[in-house]
Amino acid sequence: MKKLFAITTLTLPLSSFSSDQDVFVGKIICKYSLTDLKGLDITYSLAPYFGREQHYYIDHRNYKAHDEKNA
């Protein structure tokens with residue numbers, strides 16, 4: 001009985017780490033919209049410093065981020 005309890009206790013937590021088949025694979029595009037304290041759009045004036053958008057390519061194991069500087 002103790003062995004059955006030990007096996008069940010170890011099996012349940014370890015089975016919760018199985019990989020999910022419904023993982024997201026694809027591309028996410030983040031477009032920046034920057035405003036100052038007065039509400040004016042300053043996206044284009046700060047684009048040389050922060051960029052205008054960032055692309056994320058995602059698969060089941062990792063991701064890669066690209067913007068205008070490292071495309």
Side-chain angles (χ1 to χ4, degrees):
M1 184 66 179
K2 289 183 181 181
K3 286 184 181 181
L4 179 63
F5 179 72
I7 291 172
T8 306
T9 308
L10 291 175
T11 304
L12 288 175
L14 293 177
S15 66
S16 65
F17 292 113
S18 65
S19 65
D20 188 10
Q21 297 298 324
D22 297 328
V23 295
F24 176 77
V25 175
K27 178 179 174 180
I28 297 174
I29 300 174
C30 295
K31 294 187 178 189
Y32 302 131
S33 176
L34 305 169
T35 58
D36 63 4
L37 295 176
K38 296 178 183 176
L40 299 174
D41 188 8
I42 57 172
T43 303
Y44 290 106
S45 62
L46 291 179
Y49 305 104
F50 298 110
R52 283 181 273 163
E53 61 184 35
Q54 191 159 26
H55 298 225
Y56 293 96
Y57 299 94
I58 301 169
D59 66 7
H60 66 284
R61 292 200 175 152
N62 52 27
Y63 72 95
K64 179 101 176 153
H66 287 279
D67 59 10
E68 295 93 16
K69 296 176 185 172
N70 64 3

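Quick note: residue numbers are just sequence positions, from 1.
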> List the atom of Leu34, the atom of Thr43, and the distance in Å for their closest heavy-atom pair.
N-OG1, 2.8 Å
> State, to 0.1 Å, how close Glu53 and Tyr32 come at their nearest heavy-atom pair, and which atoms those are.
N-CD1, 3.9 Å
> Are Tyr49 and Ile42 linked, directly or through other ILVMFWY residues, by side chains that come within less than 4.5 angstrom of each other?
yes
> So, for Ile28 and Ile58, which heavy atoms are closest and what is the spacing to 0.1 Å?
CD1-CD1, 3.6 Å
> Are Lys27 and Tyr57 side-chain neighbours, meaning at least one heavy-atom pair lies under 4.5 Å?
yes
